[in-house]
Colleague: 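Pasting a structure below so you can have a look.
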Amino acid sequence: MTKDDCKKLVIEIISDIAPDEDLTNLKHDVRLRDQLQLDSMDFLDIVMELRKRHAIEVPESDYMQLASLDSSAEYLTPKFTAMGK
Amino acid sequence: MSLPRIVITGIGLTAPNGNSLSEFRANLLGGVAGVESIDVRYMGPLNAGVCHYDPLKHQKKKELRVGTRAGSISIYCAREALADAGLAAESIAKDRTGIYIGITEHGNVETENEIYSLSKFNYDTKFWSHYHNPRTVANNPAGETSLNLGITGPAYTIGAACAAGNMGLIHAAQMLRLGEVDLAICGGVSESIHTFGIFAAFKSQNALASHPDPKKASRPFDLARNGIVISEGGALYTLERLDDTLRRGAKIYGEIAGYHVNSDASDYVLPNPERQAECVATSIRRAGLQPRDIHIVNTHATATPLGDIQEADGLRTVFQNCPDTYINNTKSFIGHAMGAAGALELAGNLPSFDDLMVHPTINVDNLDPKCALPGLVLNAPVKAKRVDAILNNSFGMLGVNSTLIVKRYAA
């Protein structure tokens with residue numbers, strides 16, 4: 001899996017969590033919370049959906065890694081790759 | 001001591017046969033039922049009353065994803081009621097507005113959904129949603145409404161089984177009289193059709209209606225009635241003190257004339273006609289009226305074989321020699337909307353103050369002689385000589401009874 005593939009999966013999750021938001025012009029290097037109306041419960045949703053859809057665990061100590069699309073891809077791509085995806 | 005007079009100034013509703021008072025009323029007078037067949041989890045197709053309002057009219061998609069059906073129904077009804085009352089949601093005094101919403105139950109839908117979802121993950125609780133608590137707290141429908149409207153006054157629910165719809169209005173009237181708030185958004189809601197548990201429980205109790213034609217399934221007082229049609233819905237009102245209403249020149253649907261709430265203290269599910277009659281008679285006395293002054297009695301009757309007879313017995317003792325009193329039933333059109341029932345059923349009758357028409361109870365092909373009541377309006381509306389007071393019954397499990405009387409406003 002490439003980092004771009006990983007970002008697509010994250011955006012797919014965000015589109016379900018924040019269905020009113022326009023995600024077409026998301027800046028990859030900017031914190032998601034600075035671009036979208038996401039609260040702490042929404043971030044827990046991202047964590048939950050990664051667990052449900054992709055069997056990926058994100059421990060609480062690593063939540064900050066999901067701050068932006070770039071950091072998410074940096075953090076999650078190796079996890080997907082380790083799972084053979 | 002003279003208590004402030006409380007009046008109804010706005011109504012917002014969604015029922016299985018209408019998403020506004022005018023639509024609902026037209027269908028009640030036109031004999032149009034709103035029951036359909038739905039697929040209930042684990043149980044298959046069953047008759048139910050489903051609301052078809054547009055949830056996106058007053059909510060964002062995210063609110064719908066995070067919130068509950070009861071919360072959504074409440075928000076729809078609250079905003080429609082405010083608009084109907086001529087009150088701009090943005091300009092009401094948010095800290096002086098109270099939200100009081102009657103519910104039969106809350107949280108079953110969300111808990112069942114969560115357990116069903118968990119079953120797909122081998123019941124590993126790490127897949128349990130972090131939204132479970134805010135979705136299932138008993139105040140959820142009122143809380144979601146306060147969030148949507150930014151109302152900072154008291155907002156909570158009143159759990160009173162199927163007496164709850166009336167209880168929302170009664171409690172609101174009390175809070176207005178106490179001066180706790182200046183505006184109340186009140187009534188009742190239900191999302192019950194989304195939980196299989198309520199269907200299964202009534203089925204186990206042999207109290208779930210079955211009929212090949214969904215629109216004929218809810219048939220209170222008919223000999224062939226065989227139980228309850230479960231429905232969702234909501235009706236919320238704006239209530240205000242009369243003085244405030246007159247100052248702003250608002251329209252008035254009617255005035256809260258009297259009410260009473262009591263308990264059977266006799267059985268978990270079986271009603272008690274003596275206590276019901278006591279509730280009705282006391283509400284009439286507290287309204288300063290006589291039984292003959294009541295021109296419409298909306299019955300609670302749910303179409304259970306025994307319950308309808310019990311209520312008829314209770315009403316017979318109160319309304320003897322009342323030739324101008326008509327008796328009807330709304331559940332025959334929409335099923336039993338549980339926590340919304342009392343509030344919806346009152347709403348459907350309030351236009352009678354203006355048009356003098358009394359909607360019927362439909363689906364009565366063969367009236368059960370034990371349910372025969374003088375003035376029972378069967379299958380077609382009638383025009384009354386006068387409608388000055390409407391009495392609305394709502395009774396619930398564990399023996400909670402509520403009666404609310406609304407009278408025509410007169411200066």
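Each chain gets a letter, A, B and so on, in the order the sequences are listed, and its residues count up from 1.
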Colleague: Which heavy-atom pair separates A:Asp42 from B:Arg65 by the least distance, and what is that distance?
Modeller: OD1-NH2, 3.4 Å
Colleague: Donor-acceptor check, side chain of B:Lys62 to backbone of A:Asp16, threshold 3.5 angstrom: yes or no?
Modeller: no
Colleague: With a 4.5 angstrom heavy-atom cut-off, could you sort out which part of B:Phe127 is near chain A: side chain, backbone, both or neither?
Modeller: both
Colleague: What part of B:Lys120 gets within 4.5 angstrom of chain A, counting heavy atoms only: side chain, backbone, both, or neither?
Modeller: neither
Colleague: Would one find more than 12 heavy atoms of other residues, nucleotides or ligands at under 6.0 Å from atom NZ of A:Lys79?
Modeller: yes
Colleague: Do A:Asp45 and B:Tyr131 have side chains that get closer than 4.5 Å, going by heavy atoms?
Modeller: yes
Colleague: What are the residues of residues 18-35 of chain A, in order of number, with any heavy atom under 4.5 angstrom from a heavy atom of chain B?
Modeller: A:Pro19, A:Asp20
Colleague: Heavy-atom distances under 4.5 Å only: say whether B:Ser129 touches chain A with side chain, backbone, both or neither.
Modeller: backbone
Colleague: Could you name the residues of residues 46-62 of chain A that have a heavy atom within less than 4.5 Å of a heavy atom in chain B?
Modeller: A:Met48, A:Arg51, A:Lys52, A:Glu57
